[in-house]
Amino acid sequence: MWRGTRHRARTFFKKFMPIKLFNTISREIEEFKPQKNNEVSFYTCGPTVYGFAHIGNLRTYIFEDILKRVLEFNDYKVNHVMNITDVGHLTGDGDEGEDKIEKSALLESKSVYEIAEFYTDAFQKDLQNLHIITPNVWCKATEHIQEQIELIKKLEEKGFLYKISDGLYFDTAKFPKYGDLAHLNLSGQEAGVRVEINPEKKNPTDFAVWKFSPREKQRLMEWDSPWGIGFPGWHIECSAMSMKYLGETIDIHAGGIDHIPVHHTNEIAQSECVTGKQFVNYWLHGEFLLINDNRMGKSVGNFITLNDLVEKGFDPMVYRMFCLSSHYRSKLNFTFENLENARNIWQKLKTKFLNLGKLTGKIKEEFLLQFTACVNDDLGVPKALAVVWEVLKSDLSDFDKRATLLEFDKVLGFDLQNTKDDENNFEIPQEIKKLAEQRFQTKLKKDFKKADELRKKIVEQGFEIEDFVESYKIKKIEK
């Protein structure tokens, strides 16, 4: 029955409740229309794997996960590609400084590939712990050097590049649309919007597509190319890999707001100059996570990892709840007091859900439409969470509440289906589990005398049963 409800609702969504998203490049809420009727090409900027991701980074990946889930909730097939930057990202976030991977390798006395593999694994574990759906394609910069070289060749043939002592650079003055994404005032760049480190550059905004290895020493990662031994610039990898896996025009490209003025702006320039086509139709960016009202970052040393939170006793779902409490385009201030509030909300939701029992009824269409209206309106998850509490307070049967919340959870990503009560930090003996289940089945058969006898046996062994509608909880008796 509930599947019929879902089908009717989905038909209604597509016709009368389209997805609307804030497009960074237009600065407007726009109705989402993919290039193909039911398919979405989706690219997200992954991590530079020289250290652990901090929770500010992870807020961006949670927002992107919600976006992907909303698209799938609306029956779109999402082809999601995420890059792993394992070469070329310099400490200055531009074209100056050391390679972040190489610097980390020297500090930790490991090879660059050991560093990249270790921190890639750590990042993927964070995603798993936060219930973030993994992309269809992971693509590493070091495994796509040839694709990057081919793209650079095309830019050179079209006359967009010039060579100076430390590399091959893109001439941003030759791309009239440069700066549109960030709404940059290019005439004022000399005033300090970007510091011109290299005096050989024609324009302060010009960026490297291929950097030459220094003559005085050998880099840990370098490749031969038509321009000499070196390595790709940070930005070229995303253009080369997105085109390989998603084509010349992407439906959606997402990332953190910090990528707008440089990285994503440069991606647009080099991509559109090669293809002559629009690179991305919808740009989405997540706002900063602040810590005590200051930006969190590795460079300033005030960052917190997900593992730090776990070591302090916070379930990763508490951090997910914390992030979902604020709209992705709003700054979010992290304090442990705020995180504690999120833990209380998560525990309340989990307890109320578990108390609904194990049987699933029908999805309530009225609430489903309210929830979808919220998430389809530029990922309005805070408002959607309000609908969750309305369902729990409603006069629906516990079975129907459970079915409705499980449907919502396809977007929220808490994995309520498999959540467990973590109040019991002890191992319940198998004998007690068997007695409790036997008592539960006896109650269903309305043999209450036998059920009371089984309860007494359980109590005699130091445990008690807390009954809910169609379920129960085993608790240790505190002495």
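Fair warning: this is a prediction, and the values are worked out from it, not measured in the lab.
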Within the distance-only criterion (no hydrogens, no angle test), does the side chain of [X] pair as donor or acceptor with the backbone N or O of [Y] below 3.5 angstrom?
X	Y	value
S271	E267	yes
Q270	H235	yes
T85	T48	no
N136	V81	no
E311	D308	no
H144	K140	yes
N83	E237	no
E222	Q218	no
T249	Q278	yes
D409	L416	yes

Checklist entry - Do we see a donor-acceptor contact under 3.5 Å between the side chains of E156 and W227? => result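 W227 and E156 do have a side-chain donor-acceptor pair below 3.5 Å.
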
Checklist entry - Is it true that the side chains of N74 and N376 contain a donor and an acceptor less than 3.5 Å apart? => result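 Side-chain D/A pair, N74 to N376: present.
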
Give, for atom [atom1] of [X] and atom [atom2] of [Y], the distance between the pair rounded to the nearest 0.5 Å.
X	Y	atom1	atom2	result
T265	H259	OG1	NE2	11.5 Å
I101	L220	CD1	CG	11.0 Å
E102	F231	CD	CZ	7.5 Å
S225	I149	OG	CD1	5.5 Å
M243	C238	CE	SG	11.0 Å
C323	F334	SG	CZ	9.5 Å

Next on the checklist: For W223 and Q146: C-alpha separation, side-chain torsions, deciding distance, then whether side chain to side chain donor-acceptor pair (under 3.5 Å) applies.
Outcome noted: CA-CA 10 Å; W223 293 265; Q146 192 55 44; over 6 Å; no

Checklist entry - L412 and side chain to side chain contact (heavy atoms under 4.5 Å, CB included): which partner among I66, V388, L349, V375? => result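 Answer after filtering I66, V388, L349, V375: V388.
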
Item to check | Chi angles and distances behind the ring pair (Phe, Tyr, Trp, His ring centres under 6.0 Å) call for F123, Y61 | outcome: CA-CA 11 Å; F123 172 72; Y61 298 111; 4.9 Å; yes

Is a salt bridge present between [X] and [Y], judged by a nitrogen-to-oxygen distance below 4.0 Å?
X	Y	value
K77	E39	no
E340	R343	yes
K154	E157	no
E72	K410	no
K331	E287	yes

Cation-pi check, [X] to [Y]: give yes when NZ or CZ is under 6.0 Å from the six-membered ring centre and within 45° of the ring axis, no otherwise.
X	Y	value
K312	F336	yes
K348	W389	yes
K202	Y169	no

Checklist entry - In terms of the angle between their ring planes, are F63 and Y328 parallel, tilted or perpendicular, with boundaries placed at 30° and 60°? => result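 Correct class here is parallel.
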
Next on the checklist: Students often mix this up, so state it plainly: with edges at 30° and 60°, are the rings of Y178 and F207 parallel, tilted or perpendicular?
Outcome noted: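 Plane angle under 30°, so parallel.
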
With a 6.0 Å cut-off on the ring centroids, do [X] and [Y] count as close?
X	Y	result
F170	Y162	no
Y113	F118	no
F32	Y282	yes
H285	H264	yes

Next on the checklist: Would you say that more than 12 heavy atoms from the other residues, nucleotides or ligands in this model lie under 6.0 Å from the NZ of K20, or not?
Outcome noted: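 Atom NZ in K20 is not crowded, with 12 or fewer foreign heavy atoms closer than 6.0 Å.
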
Next on the checklist: Check this for me: E337, atom CD, are more than 12 non-hydrogen atoms of other residues, nucleotides or ligands nearer than 6.0 Å?
Outcome noted: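 Not buried by this count: 12 neighbours or fewer within 6.0 Å.
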
Next on the checklist: According to salt bridge (Lys or Arg N to Asp or Glu O under 4.0 Å), does anything in residues 369-390 pair up with another residue at least two apart or in another chain? List the pairs.
Outcome noted: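 Qualifying pairs, neighbours excluded: R329-D378.
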
Checklist entry - Can you tell if the side chain of H80 reaches within under 4.5 Å of the side chain of K68, non-hydrogen atoms only? => result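 Yes, their side chains come closer than 4.5 Å.
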
Next on the checklist: What verdict does the side chain to side chain donor-acceptor pair (under 3.5 Å) test give for D126 and N129, after you've listed the backbone C-alpha separation in whole Å, the side-chain angles of each residue and the deciding distance to 0.1 Å?
Outcome noted: CA-CA 5 Å; D126 282 345; N129 288 336; 4.9 Å; no

Item to check | Working for ring pair (Phe, Tyr, Trp, His ring centres under 6.0 Å), residues Y319 and F314 | outcome: CA-CA 8 Å; Y319 183 63; F314 292 97; 9.9 Å; no

